[in-house]
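Working notes, beginning with the structure itself.
The structure presented is a predicted model; accordingly, all values stated were derived computationally and were not measured. Basis for what follows: all heavy atoms, side chains included, without hydrogens, waters or symmetry-related copies.
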There are 2 protein chains.
Amino acid sequence: MTKDLKDSFNAAGSGRRPGAPGAAASVSGGIGTSGAGRGTATGGTSSGGSGVGEAPPAPAALAAKVRTLAPSMTRSMQRVAEAVAGDPAGCAALTVTGLAELTGTSEATVVRTARLLGYPGYRDLRLALAGLAAQQQSGRAPAVTADIAVDDPIADVVAKLAYDEQQTLADTAAGLDTVQLGAAVTALAGARRIDIYGVGASGLVAQDLAQKLLRIGLVAHAHSDPHLAVTNAVQLRSGDAAVAISHSGSTGDIIEPLRVAFDHGATTVAITGRPDGPVSQYADHVLTTSTARETDLRPAAMSSRTSQLLVVDCLFIGVMQRTYESAAPALAASYEALAHRHSPRTR
Amino acid sequence: MTKDLKDSFNAAGSGRRPGAPGAAASVSGGIGTSGAGRGTATGGTSSGGSGVGEAPPAPAALAAKVRTLAPSMTRSMQRVAEAVAGDPAGCAALTVTGLAELTGTSEATVVRTARLLGYPGYRDLRLALAGLAAQQQSGRAPAVTADIAVDDPIADVVAKLAYDEQQTLADTAAGLDTVQLGAAVTALAGARRIDIYGVGASGLVAQDLAQKLLRIGLVAHAHSDPHLAVTNAVQLRSGDAAVAISHSGSTGDIIEPLRVAFDHGATTVAITGRPDGPVSQYADHVLTTSTARETDLRPAAMSSRTSQLLVVDCLFIGVMQRTYESAAPALAASYEALAHRHSPRTR
DNA sequence: GTCACACTTGAAAGATATTTTCGTCCGCTG
DNA sequence: CAGCGGACGAAAATATCTTTCAAGTGTGAC
């Protein structure tokens, strides 16, 4: 709509993707103002044959990607992305000029959009589109994406909500960068101490993660109080880890402690729906959650929470794998300890 | 002259595509069209000697077609066709020049082969190839039902976890009693005050619900402290509501406050995975969450949380529907109030 | 309120890829 | 063995994609 906004981060954003499109590995690269260039732990993994970026042509993940990246697109690009996501088959049949005309933009914009979506150029996007179309064709047709209405019967609410959340999960899984995830897991698994920041709805996710990590014997703490978070962040140093959870990616109360942790040498992880947001500046590893449309009856907080929780679960399982020797007994012990809190057996 | 012929080709090509992009509504429509959509009029055009010329762009039957047409092909064309049928994915990645080199032929031959196979040109063959590859790919993907193992690569963890949680959601939705849910919604929507009990992982769900209800102007409070919970429960009376969340259904710390609330005349709701457990004794309405198997690496807390959250979301949306007049403005106001907590601007 | 800056955008130039044309060469037939 | 028909590829012609650049537009600063 009238959400025109231009942003100062874009400078950072575009600077972040230098030559190759979507070089996620270097997300936090040189952005940190605090000098002290910290190499990203992820190193130069992957990077396939040709100079193409690490992002492999996403086959089915495209719709998810569009949704995730939409907020960081310009108006024209959004129009293009929308057309592409809405009718893959139709767009696959169009040349770059045709698609430009259809969306009322220019060829340059179409190419730019393709780049943003992770393809080397429009040609490759088109190929992926053809693949996607074929999949949809063979797959299922019944997509009941209807929004929830005020007068929907309760049974419909349940069905729609469940469907939406499933969709969110699929999107999130598809859009999650496993390289970044792996790096984040490594950081957490080896951390001396883990601080987790989150406020509002994200605060609960932060607590969830902290609870889980504590259960497997790691030293983790979730902070919802911005002041205390910063105060604690100062204590962090190399070998520690900090995780920031913010859907918007621009929550000041979250960014500040993460920045402090970053500056003090801790390995930092951001879980956000806006990987181009300010919070990523101070994150060694960025994990992207899906951004679903919100409606009157369905606050964004709902799907972002679902998405965040999946990411957090993945993190947790990953950490548990790495520390299985010590984690499994610790987890068992925590169950043991709780047993007596339950009423006798009710089978 | 020849130019005219070619133009007619193009006209045919674009003529076939116009509908789809225009109306983004029909997602699969487009492909169906292209699959079946034979440009009959133009189809017969030129296209080499054999009568096969006008066959529609083959969807998946490409391999068969290659075999059928092979006899009528020249040696060079056969080489091309063979390569295409043998490795659709690989060939889709090649330009006409690349494929010519690979097969030791020329561009012209490749194009001729594409024509023989029923496509307007190589470009379209390539698109079809991409689609074919995608189908093959997706065909052999869907088996991720296995449990998560200690040595699973991180990508598998993500896929399995997402799949599991999706399953949990589906189960929960299927098992949810909408009558009970409706009754619980009514109780909450009209309550003077709402207390919510949950400890441990369920405590976060309780807080989530409380947060949401508060946002739409209801008086809700989540209690994790058993003592305070009971203390507060004593204050409840008819016209109030209490919600207990416990996966096991036998958590003493949760049952006690619910009992007190029940005895004092409040309408009580239990969200539990064990509807036959003790907690249900004191619940006017029982909402059942799904109970997924747990494994070494996947604590039950994880899926129970997913399930509980869906139930809680349904409750919330239901309440919101009932109180839309007052809820919507309240929700909007809460967003408004948070706006300044975010960094300047984000697109 | 005005200015300057930065970002977005499309037009057009520049590069690739595809298609067509056309001449050569091979193999076959008489 | 000469003549013929067609396969084949090189290169021109065209379409398509990509990049560059300058103008337009909105935003924040002063």
Side-chain angles (χ1 to χ4, degrees), chain A residues 1-15 19-21 50-52 72-81 91-116 119-127 129 276, chain B residues 1-14 17 45-50 72-81 91-116 119-127 129 343-347:
Chain A
M1 321 281 193
T2 54
K3 292 184 82 179
D4 0 270
L5 349 75
K6 95 177 340 220
D7 53 4
S8 37
F9 322 123
N10 244 359
S14 43
S50 52
V52 180
S72 62
M73 288 181 183
T74 65
R75 276 185 303 273
S76 303
M77 285 166 106
Q78 279 182 5
R79 279 211 301 283
V80 175
C91 292
L94 292 169
T95 71
V96 69
T97 311
L99 185 53
E101 262 175 39
L102 176 71
T103 57
T105 65
S106 66
E107 291 100 330
T109 301
V110 172
V111 172
R112 275 190 285 258
T113 307
R115 289 267 163 73
L116 190 66
Y119 301 91
Y122 175 69
R123 203 185 308 276
D124 300 75
L125 167 63
R126 197 175 164 186
L127 239 46
L129 242 36
D276 60 335
Chain B
M1 195 333 153
T2 45
K3 183 163 192 275
D4 288 348
L5 174 68
K6 165 179 189 298
D7 279 351
S8 85
F9 241 137
N10 265 357
S14 45
R17 304 161 178 159
T45 29
S46 58
S47 205
S50 48
S72 62
M73 288 181 184
T74 66
R75 275 185 305 277
S76 302
M77 284 168 106
Q78 279 181 7
R79 278 210 305 282
V80 175
C91 292
L94 293 169
T95 70
V96 69
T97 310
L99 185 53
E101 258 175 43
L102 177 72
T103 57
T105 65
S106 67
E107 291 100 326
T109 300
V110 171
V111 172
R112 276 190 282 260
T113 308
R115 291 267 163 74
L116 192 64
Y119 302 91
Y122 175 69
R123 203 188 309 277
D124 299 73
L125 168 62
R126 198 176 165 187
L127 241 44
L129 243 36
S343 301
R345 86 206 114 273
T346 318
R347 179 187 321 282

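The CG atom of Leu99(B) sits 13 Å away from the C1' atom of dT18(C) (whole-angstrom rounding). In this structure, CD of Glu101(B) is placed 11 Å from P of dA10(D), rounded to the nearest angstrom. Atom CD of Glu107(A) and atom P of dA13(C) are 13 Å apart (whole Å). In this structure, Met77(B) places its CE atom 8 Å from P of dA7(D), rounding to the nearest Å. Arg112(B) places its CZ atom 6 Å from the C1' atom of dC8(D), with the value rounded to the nearest Å. Leu127(A) places its CG atom 14 Å from the C1' atom of dT18(C), with the value rounded to the nearest Å. When the C1' atom of dT16(D) is taken as reference, atom CG of Asp124(B) falls 13 Å away, rounded to whole Å. Going from atom OH of Tyr119(B) over to atom P of dT19(C) covers 14 Å, rounded to whole Å.
Considering only side-chain atoms of Val111(A), the nucleotide from dT19(D), dA17(C), dT8(C) that sits closest is dT19(D). The listed nucleotides are dT18(D), dC8(D), dA11(C); the one nearest the side chain of Ser76(B) is dC8(D). The Ala108(A) side chain lies nearest to dG10(C) when the options are dA17(C), dG10(C), dA7(D).
The phosphate of dG10(C) has OP1 or OP2 within less than 4.0 Å of a side-chain N or O from Thr109(A). The phosphate of dG9(D) has OP1 or OP2 within less than 4.0 Å of a side-chain N or O from Ser106(B).
Within the nucleic acid shown, Arg126(B) comes within 4.0 Å of sugar-phosphate atoms alone, with no base atom in reach, counting heavy atoms only. Heavy atoms of Thr97(B) sit under 4.0 angstrom from at least one base atom. Across all strands shown, Gly98(A) has no heavy atoms under 4.0 Å from either base or sugar-phosphate atoms.
Across Arg79(B) and Gly104(B), no two heavy atoms sit closer than the pair NH2-O, 3.3 Å.
Not counting sequence neighbours, Thr113(A) has no partner by the side chain to side chain donor-acceptor pair (under 3.5 Å) test.
Looking at which nucleotide of DNA chain C each of Thr95(B) and Arg75(B) is closest to, the 5′-most match is held by Thr95(B).
Side-chain contact annotation: Thr74(A) with Ser76(A), donor-acceptor N/O pair under 3.5 Å absent.
Between the Arg126(B) side chain and the Thr95(B) main chain, no donor and acceptor come within less than 3.5 Å of each other.
To the nearest 0.5 angstrom, Asp124(A) atom CG is 9.0 Å from Tyr119(A) atom OH.
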